[in-house]
Number of protein chains: 2
Amino acid sequence: MAIRKDGKNSFARTTLADVARESGFSPSTISIVLNEAPISKYVAATTKEHIRAVAKRMDYRPDAFGRSLRKRRSHTIGVMIFDISDPFCTLILQGIEKSLHPTEFLPFIVDAHNRREQFERYMAMLLEYRVEGLIVVANWLFIDIETLSELERHRVPTVLVGSEMRSGPLGSVLVNNEQGGYLALQHLYSLGHRKIAFIRGPRQLWDSSRRWDGVLRFAAEVGLKMPKKWVVELTGSSESNSSFDEGRSLTSTMLQRDPGFTALLAFDDLTAFGVVRALRNFGRRVPEDCSVVGFDDVPHAALFNPSLSTVRQPMERMGSIAVGRILKEIQQDGEVEQEKGRVDLLPPELIQRESTAAIAQKGKLLPKNTRKH
Amino acid sequence: MAIRKDGKNSFARTTLADVARESGFSPSTISIVLNEAPISKYVAATTKEHIRAVAKRMDYRPDAFGRSLRKRRSHTIGVMIFDISDPFCTLILQGIEKSLHPTEFLPFIVDAHNRREQFERYMAMLLEYRVEGLIVVANWLFIDIETLSELERHRVPTVLVGSEMRSGPLGSVLVNNEQGGYLALQHLYSLGHRKIAFIRGPRQLWDSSRRWDGVLRFAAEVGLKMPKKWVVELTGSSESNSSFDEGRSLTSTMLQRDPGFTALLAFDDLTAFGVVRALRNFGRRVPEDCSVVGFDDVPHAALFNPSLSTVRQPMERMGSIAVGRILKEIQQDGEVEQEKGRVDLLPPELIQRESTAAIAQKGKLLPKNTRKH
DNA sequence: CTTTCTTGTTGAATCATTTGAAAAACGATG
DNA sequence: CATCGTTTTTCAAATGATTCAACAAGAAAG
């Protein structure tokens with residue numbers, strides 16, 4: 001359909017040459033005018049006007065490929081995520097988008113679905129598209145360190161968000177997990193809880209250990225006992241709702257073992273949701289019979305019943321800080337090496353909601369509690 | 001750093017010419033071999049091997065810009081979303097990604113943040129990048145019809161997911177909202193509820209009306225009365241959690257007006273979460289005192305307390321069907337016009353969970369409700 | 001009258017790749 | 001020895017835009 005006699009598809013896009021022909025000026029002039037290049041100050045005002053009018057009338061749009069090829073710039077920042085359905089990563093994405101918006105850069109988002117093979121394929125893709133920077137949103141990261149270090153090889157400024165490499169040249173932006181763990185336990189402790197159960201994160205996850213370090217530090221400071229029967233650990237499959245299911249089953253196990261705890265500290269919000277479900281099924285009310293605290297503050301934490309007390313990660317800010325660092329690296333073109341491996345640790349914030357409450361004064365747990373707040 | 005005497009950055013990417021020089025063959029041959037073009041069957045096997053080896057050794061990656069410019073194909077499908085933090089849209093995205101994965105196409109995702117200005121900017125961007133197809137995920141769509149119809153002008157095959165245009169040339173893939181509304185009310189009715197409150201969707205939203213049509217159809221069939229005092233409507237701001245907040249405040253209003261309803265049908269899941277919150281604050285238990293049904297089945301609906309009964313939209317499938325249609329249109333290159341404006345209506349599915357229950361036999365709320373079903 | 005300066009515009013090269021046409025190389029055929 | 005048919009490889013053009021050096025025209029200066 002719609003092929004003209006001259007062989008050209010009549011719907012073919014308008015090119016610079018078309019505008020040139022139509023306006024009577026050369027392609028060079030058109031380009032200079034439309035890009036408002038420095039030399040354009042020598043172009044006659046009438047010419048400028050005329051060219052702009054013609055370009056608009058013909059609905060001219062510069063071709064990204066031609067342009068990028070010539071300028072050797074793509075004006076894109078690659079954003080690699082591992083699971084778009086994770087709300088944690090969603091908010092970071094929003095932070096990234098928002099701070100990229102006023103710039104000349106465009107995010108190129110790809111989702112590896114937690115699959116190594118896809119990670120690699122998309123990675124190659126991003127390099128072919130010559131992204132000028134790369135942000136890796138590592139929500140739940142089991143890709144080996146090795147694979148990530150390889151990123152450096154490509155000489156593309158890279159920042160890791162939400163996770164940290166034990167060693168290695170990659171810069172990262174993340175919450176201070178150690179402090180977060182500390183805050184969470186401190187919160188429960190200050191509400192009077194002494195019999196506290198714990199669901200740690202998966203051992204393979206580095207953040208998980210840091211968070212646990214914070215918990216241990218507070219426990220040591222106040223001399224809290226942490227009996228083994230009340231400390232369990234997620235296995236960390238990469239399935240979507242696995243931490244909910246695991247939170248639930250681990251809690252059930254602990255309840256059957258010894259239901260005497262009055263509070264539970266969960267690795268993250270999704271786990272905490274599972275915990276609440278298990279407690280309810282066991283006939284425990286939250287927070288009256290057992291307080292629960294999560295980690296992350298995903299958007300749904302506030303909507304949940306009961307709304308979840310949790311340690312907030314400033315996710316949107318993490319995204320925008322990552323963008324800031326990438327832009328800086330791009331501008332400085334690798335001059336300031338010392339910036340590269342830097343780790344930005346942002347402070348977490350304890351958000352108190354309904355799922356935690358002071359322990360019953362005279363309440364024995366099992367009997368009924370008749371207090372006010 | 002690392003600029004060689006010849007002025008070239010030593011980290012510059014390897015080009016086809018580099019491989020040609022290194023291997024002793026011409027760029028043409030390299031291209032033919034690496035792309036396994038038809039003529040490559042005439043290339044000597046030893047040559048092929050040699051070229052592949054050199055390319056691999058030099059870590060050659062074809063440049064997407066050079067290639068796309070020459071081939072006049074981008075191998076990308078634009079995906080326009082309006083709010084990435086909406087879980088509804090997240091699942092559709094996953095469906096899209098998954099079905100695009102085995103193809104030669106790559107999704108180019110942009111998020112307009114519900115802002116018209118950004119929508120237009122990103123739209124222009126996608127056209128500059130010559131996307132070969134476009135999927136618009138219209139979760140919560142207040143962009144005028146006009147703007148969307150304009151898409152057609154660009155001769156890019158376009159499919160709308162999750163919404164439908166009253167009229168216009170754009171094809172779409174969405175759930176049968178009318179049937180969904182019908183199912184939701186039928187569910188509550190079959191549980192014995194007769195005093196039912198309703199929170200409609202915003203009037204500007206076309207889907208909202210269709211859903212409501214289904215509700216009315218069922219009500220008419222069984223002769224259910226729907227007093228005005230128990231029918232309210234969302235205003236539909238584009239804020240992130242607005243439907244939660246609105247669901248909550250509208251429910252509070254209705255409860256104060258007349259708390260006699262035993263069930264509530266909400267426009268969507270997020271609204272339903274707000275409803276549950278309001279009921280709890282009012283001292284009503286869900287589902288014992290009031291059943292609540294949502295719409296969508298977002299991932300968190302199952303994790304919520306109580307887990308939410310709802311009408312499921314097959315979101316992942318919607319995404320993959322959209323991809324299927326786009327790919328077909330691309331291949332047929334506009335030959336089969338009749339496909340274009342087609343509307344795929346997928347069947348919704350009622351998911352019964354904890355938030356709905358049969359009405360109490362010896363009912364408390366208002367005096368007697370002593371029937372069976 | 002030549003030179004210089006300013007203003008306004010353009011030609012040609014360049015970016016990395018693909019591709020149809022053409023050119024080698026080579027043995028075989030008449 | 002010219003001609004032909006294969007097989008193997010390369011030339012050169014094309015894709016769409018940007019940019020630098022250069023050119024043209026007119027005015028001003030020497």
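Each chain gets a letter, A, B and so on, in the order the sequences are listed, and its residues count up from 1.
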- request: Using side chain to side chain donor-acceptor pair (under 3.5 Å) as the criterion, list what pairs up with A:R121, not counting sequence neighbours.
  value: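 With sequence neighbours excluded, A:R121 shows a side chain to side chain donor-acceptor pair (under 3.5 Å) to B:H101, given in chain and number order.
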field: side chain to side chain donor-acceptor pair (under 3.5 Å) partners for B:T47, two or more places apart
entry: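 Result, side chain to side chain donor-acceptor pair (under 3.5 Å) vs B:T47: none returned.
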Rounding to an integer number of Å, can you tell me how far [X] [atom1] sits from [N] [atom2]?
X	N	atom1	atom2	answer
A:Y60	D:dG16	OH	P	10 Å
B:E36	C:dT19	CD	P	14 Å
A:K71	D:dC20	NZ	C1'	15 Å
A:H50	C:dG8	NE2	P	17 Å
A:R61	D:dA17	CZ	P	12 Å
A:L34	D:dT19	CG	P	13 Å
B:R72	D:dA13	CZ	C1'	12 Å
A:L69	D:dG16	CG	P	12 Å

Closest heavy-atom contact between [X] and [Y]?
X	Y	value
A:I30	A:F25	CD1-CB, 4.1 Å
B:A37	B:S40	O-OG, 2.7 Å
A:F82	A:A138	CD1-CA, 4.2 Å
A:L126	A:M80	CD1-CE, 4.3 Å
A:V159	A:E329	CG2-OE2, 4.5 Å

Pairing of B:R13 and B:D18 as salt bridge, 4.0 angstrom limit: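 Result for this pair is no, no salt bridge flagged.
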- prompt: Thinking salt bridges, do B:D59 and B:R61 make one under a 4.0 Å N-O criterion?
  reply: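 Yes, this pair counts.
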task: Name the nucleic acid region contacted by A:R73, choosing base, sugar-phosphate or nothing; use a 4.0 angstrom heavy-atom cut-off, strictly under.
output: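 Contact class for A:R73: none.
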- prompt: Does any donor-acceptor pair link the side chain of A:R70 with the base of D:dT18 at a separation under 3.5 Å?
  reply: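 Per atom types, the contact qualifies.
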task: Classify the side chain of A:R67 versus the base of D:dT18 as yes if they form a donor-acceptor pair under 3.5 Å and no if they do not.
output: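 Side chain to base: no pair present.
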- request: Assess whether side-chain contact (heavy atoms from CB on, under 4.5 Å) is satisfied between B:V161 and B:I135, documenting all intermediate values.
  value: CA-CA 7 Å; B:V161 184; B:I135 298 178; 3.6 Å; yes
Enumerate, atom names and distances included, each donor-acceptor pair closer than 3.5 Å involving a side-chain atom of residues 316-323 of chain A, sequence neighbours excluded.
unit_1	atom_1	unit_2	atom_2	d
A:E316	OE2	A:K98	NZ	3.1
A:S320	OG	A:R317	O	3.1

- prompt: Using a heavy-atom distance cut-off of less than 4.0 Å, which residues of residues 121-131 of chain B contact DNA chain D?
  reply: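 When residues 121-131 of chain B is checked for heavy atoms under 4.0 Å from DNA chain D, the hits, listed by number, are B:R130.
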message: Tell me whether the side-chain N/O atoms of A:N35 come closer than 4.0 Å to OP1 or OP2 in D:dA17.
response: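 For A:N35, the contact criterion (side-chain N or O under 4.0 Å from OP1 or OP2 of D:dA17) is not met.
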- prompt: When you check the phosphate oxygens OP1 and OP2 of D:dG16, does a side-chain N or O of A:T15 lie under 4.0 Å from one of them?
  reply: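 It does not, given that no N or O in the side chain of A:T15 lies less than 4.0 Å from OP1 or OP2 of D:dG16.
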task: Classify every nucleotide of nucleotides 4-12 of chain D by which part a protein heavy atom approaches to under 4.0 Å, writing B for the base, S for the sugar-phosphate alone and - for neither, in 5'-to-3' order.
output: ----BSBBB
message: Between the opening five pairs and the closing five pairs of the helix from C:dC1-D:dG30 to C:dG30-D:dC1, how far apart are the helix axes, to 10°?
response: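 For the helix from C:dC1-D:dG30 to C:dG30-D:dC1, the axes at opposite ends meet at about 90°.
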- prompt: Run the side-chain contact (heavy atoms from CB on, under 4.5 Å) check on B:S23 and B:H50 step by step: do they pass?
  reply: CA-CA 7 Å; B:S23 67; B:H50 180 221; 4.0 Å; yes
